[in-house]
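Inspection log for the structure reproduced underneath, given as structure tokens.
As the structure is a computational prediction, the values presented were derived from the model and not from experiment. Each chain gets a letter, A, B and so on, in the order its sequence line appears, and its residues count up from 1.
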Amino acid sequence: MALAFYNTLTRRKEPFIPLNPDCVGMYVCGPTVYDSAHIGNARPIIVFDVLYRLLKRLYPAVTYVRNITDVDDKINARARENGEPIAALTARTTAQFHADIAALNALPPDVEPRATAHIAQMIALIESLIAKGHAYAAEGHVLFSVPSMPDYGQLSRRNQEEMIAGARVEVAPYKRDPADFVLWKPSTDDLPGWDSPWGRGRPGWHIECSAMSREYLGVTFDIHGGGQDLVFPHHENEMAQSICANGRPFARYWLHNGYLMVEGEKMSKSLGNFFTVRDLLGQAPGEAIRLAMLAAHYHQPFDWTADGLRQARMGLDRMYLALRAVAGIPAEDRDQVPLDVMAALEDDLNTPLAISHLHEIATRLNKAVTDEEKAKWKGALLASGDVLGVLQQDVEAWFRWAPEGKDGLSDAEIDRLVAARIEARQTRNFAEADRIRKELADQGIQLEDGAGAPPGGGGGGAALRHWGMGRRRVPIPPHASFPMLPTAPPPPVRALSGPWRQGCLPRRQVPACPCRP
RNA sequence: GGCCGGGUGGCAGAGUGGCUAUGCAGAGGACUGCAAAUCCUUGUACGUCGGUUCGAUUCCGGCCUCGGCCUCCA
């Protein structure tokens, strides 16, 4: 099946034909670094990470650019509240963002440019817009002239009358047209600012993405992604700026993930259903959070629930159990993603369908009798996990996950109890055996009696052996107690899988790629 | 008000003009000292009213309902 996406620009699902099949370019709006990432922020990160993984399998090279917005009035306001220097706030928040999403198995983008490192490019873009009659300076501001672009509004499908009718903000006096938006605004001495032809100031919200996408992907590139809430005004304006400045088309495929709700309600701090990624990482493994997020199609609205997280975790339990049962058998075709999984993902990133195929593969793996079959389905499951970004960890590590501060019994204690239970079973003292099992269960250790020898040797009597340490499952608290473990400290995040680039790379360090200008 | 996207079985969630989604939960069975896990079998679906059609959950229209966005900011 050919790769196809629902393109917001055309409101249709279209076959994906890259500008240059040797290198696909992809830009996704990244975070404004003033606060911890919440689950609403995590959705585009995870969705477009799957897209990135998919594209990397389909094309020889992909350049994935995801910006860091480190100049913004929200940042200024937060720094003032905290009494913290802006640079410290943005650096701290950026580092936490990286750690959080690495725990969700999000791969680092190829380029992660910071807005403050691209002010010169933004100024150049604005000058070009002024020169072409698409922007004007007024009272220290520079504004984009919406009437100068007859096609304005194509992405969000709205016309200017509608926007004026719906405007809920007073129109600034320096605007020639109510729809005009800010490219550059003046900064007072206490605010971040850069010298410009229009005096000391700072960029408007939209211009950074126009400048940075052009810098790293060229004026016309393949895919632009982001949350649906960015379609208007951010992406509409970004597109307008870029098209008017460059005189050429901008992004060719616009992909937007649906909005996110929590337990059926809009997420908000006032409703008490606001969760950061870090909160959730204290309650469930990152992969469970990731799979929960992928359980719905990216384009659909997503309702984040404690039960959904629990089900995702159980689903991964099932897959990891299937893998554990074939731990001693090498996987075959480890890198070959099964066709049905690929077909699902190529069809506009249908992750729920892909996940259903993972379950089917797990079933086949469980049913496999011969080593050949086991090797084949093990490889199929692992390869499928790779493209979705799950099943990435050691099987035993998965089952030993525990929330921070809830380590419970030590391995030595568990071994002692397991040995005592084996002895009780051998003497047919089942009451004692069950008591010990319950004791372990109360500590989150689930013992399973298997017929085979435990991995790594050792073990008990015939037909009375246990496997490994048993499964460590710490139950997620029930629905009603959501938010869960609100005071749990942040968990340690695993080592980053690759070097995160600090800020903007000098151009020469960007991976050589034909799609760059 | 305008634009956009939803409403599928107990739950989550795909998909399709007529043929099993998948997982969890439920029921029965195999296995087990008992469990757990695993495997087998199995039940309950497509908001509403019309239209098109031999036939619609699937296409079209109305309605009801849920939600997002409607700028220079917060």
Side-chain angles (χ1 to χ4, degrees), chain A residues 6 8 11 72-74 77 141-144 146 153 155-159 161-172 174-175 178-185 204-207 227-237 256 258-261 264-266 291-292 294-297 299-305 307-319 321-322 324-325 344 347 350-369 424-425 428-431 433-434 437-438 441 446-451 463-464 466-467 470-471 473 479:
Chain A
Y6 180 87
T8 305
R11 304 285 152 95
D72 181 277
D73 287 351
K74 287 194 286 286
H141 294 72
V142 182
L143 293 117
F144 181 89
V146 169
L155 183 66
S156 57
R157 301 270 168 119
R158 59 188 79 204
N159 61 47
E161 293 77 53
E162 286 164 5
M163 284 182 288
I164 295 164
R168 52 177 177 172
V169 177
E170 292 296 311
V171 176
Y174 45 79
K175 283 189 182 181
D180 293 350
F181 57 88
V182 167
L183 300 171
W184 188 264
K185 52 189 165 187
W205 176 23
H206 318 297
I207 196 70
Q228 203 171 57
D229 53 331
L230 296 179
V231 173
F232 190 89
H234 184 237
H235 288 162
E236 189 72 71
N237 291 348
H256 290 99
Y259 51 84
L260 184 138
M261 296 190 298
E265 291 182 301
K266 184 176 179 178
L291 195 74
L294 295 173
H297 187 92
H299 202 250
Q300 299 292 97
F302 184 81
D303 191 14
W304 179 269
T305 62
D307 192 55
L309 178 57
R310 185 184 62 78
Q311 289 210 19
R313 185 157 174 207
M314 286 169 63
L316 284 168
D317 270 348
R318 184 169 182 267
M319 295 177 204
L321 273 174
R324 177 191 253 181
D347 183 15
N350 192 337
T351 54
L353 189 58
I355 292 167
S356 80
H357 293 318
L358 260 70
H359 277 292
E360 286 163 351
I361 293 166
T363 300
R364 288 178 185 264
L365 179 56
N366 282 329
K367 288 165 72 171
V369 177
R425 291 182 69 198
R428 303 195 70 76
N429 183 356
F430 294 122
D434 291 347
R437 182 163 57 200
K438 181 165 188 318
Q446 183 171 320
L447 274 193
E448 295 173 20
D449 298 323
L464 293 172
H466 70 97
W467 285 11
R471 298 164 60 191
R473 286 170 128 178
H479 208 213

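Here A/Lys367 pairs with nothing under the salt bridge (charged side-chain N to carboxylate O under 4.0 Å, His left out) rule; sequence neighbours left out. Here A/Ala296 pairs with A/Phe302 under the side chain to side chain contact (heavy atoms under 4.5 Å, CB included) rule; sequence neighbours left out. Checked against ring-ring contact (aromatic ring centres under 6.0 Å, His included), A/Tyr259 has no partners two or more places apart in sequence or in another chain. Partners of A/Thr351 according to the side chain to side chain contact (heavy atoms under 4.5 Å, CB included) rule, which considers only residues two or more places apart in sequence or in another chain, are A/Val50, A/Leu294, A/Leu345, A/Leu388. Annotation: side chain to side chain contact (heavy atoms under 4.5 Å, CB included) contacts of A/Asp72 (sequence neighbours excluded): A/Thr32, A/Thr69, A/Lys74, A/Ile75. A search for ring-ring contact (aromatic ring centres under 6.0 Å, His included) contacts involving A/His357 returns nothing, not counting sequence neighbours. By the side chain to side chain contact (heavy atoms under 4.5 Å, CB included) test, A/Trp205 is found to be paired with A/Leu230, A/Pro233, A/His234, residues two or more places apart in sequence or in another chain being considered. Checked against salt bridge (charged side-chain N to carboxylate O under 4.0 Å, His left out), A/Asp303 has no partners two or more places apart in sequence or in another chain. Residues meeting the side chain to side chain donor-acceptor pair (under 3.5 Å) test with A/Asn237, sequence neighbours left out: A/Tyr152, A/His206.
Here the C1' atom of nucleotide B/C73 and the NZ atom of A/Lys74 are 8 Å apart, to the nearest Å. B/A37 atom C1' lies 11 Å from atom CG of A/Asp317, rounded to whole Å. If you measure from atom CD of A/Glu236 to atom C1' of B/C3, you get 11 Å, rounded to the nearest angstrom. As a whole-Å value, the separation of A/Arg437 CZ from B/U32 P is 15 Å. Taking atom CG on A/Leu365 and atom C1' on B/A37, their separation rounds to 14 Å, with Å as the unit. If you measure from atom CE of A/Met261 to atom P of B/G13, you get 9 Å, rounded to the nearest angstrom. For the pair A/Trp184 CH2 and B/U71 P, the interatomic distance rounds to 25 Å; values are reported in whole Å. Straight-line distance from the CG atom of A/Asp347 to the P atom of B/G15: 7 Å, rounded to whole Å.
Each of A/Phe302 and A/Arg364 has a nearest nucleotide on RNA chain B; the 5'-most of these lies closest to A/Phe302. Ranked by how close their nearest RNA chain B nucleotide is to the 5' end, A/Asn350 and A/Arg428 are led by A/Asn350.
Contacts of A/His141 with the nucleic acid, taken as non-hydrogen atoms under 4.0 Å apart, are absent.
B/U65 sits 22 Å from B/C60 when the P atoms are compared, rounded to a whole Å. B/G33 sits 39 Å from B/A21 when the C1' atoms are compared, rounded to a whole Å. To the nearest whole angstrom, the two P atoms, one in B/G43 and one in B/G10, are 14 Å apart. Taking atom C1' on both B/G1 and B/U53, the two are 37 Å apart, rounded to the nearest angstrom. Across B/C46 and B/G9, the matching P atoms stand 8 Å from one another, rounded to whole Å. For the P atoms, the distance from B/G67 to B/U52 is 35 Å, rounded to whole Å. Here the separation of B/G15 from B/U71, taken at their P atoms, is 33 Å to the nearest Å. With C1' as the reference atom, B/A14 and B/U57 are 13 Å apart, rounded to whole Å.
Minimum interatomic distance between A/Gln228 and A/Gly258 (heavy atoms only, all atoms of both residues): OE1-CA, 4.1 Å.
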Per-nucleotide pairing state of RNA chain B [Watson-Crick or G-U, under 3.5 Å; [ ] pseudoknot-crossing; | other strand]: (((((((..(((.....[...))).(((((.......)))))....(((((..]....))))))))))))....
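For A/Asp307, whose side chain is taken as the heavy atoms from C-beta onward, the closest listed nucleotide among B/A37, B/A14, B/C11 is B/C11.
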Pairwise N/O distances under 3.5 Å, protein to nucleotides 4-6 of chain B:
none

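In this pair, A/His256 and A/His235 present their aromatic rings tilted. The plane angle is within the 30 to 60° band.
Contact between the side-chain N/O atoms of A/Asn366 and the OP1/OP2 oxygens of B/A37 is not found at any separation under 4.0 Å.
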Protein-to-nucleotide contact annotation, 5' to 3' order, nucleotides 20-26 of chain B [B base; S sugar-phosphate only; - none; under 4.0 Å, heavy atom]: -BSBSS-
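Residues A/His299 and A/Tyr6 bring no donor and acceptor atom of their side chains to less than 3.5 Å of each other. If you check the side chains of A/Thr363 and A/Arg318, you find a donor sitting under 3.5 Å from an acceptor.
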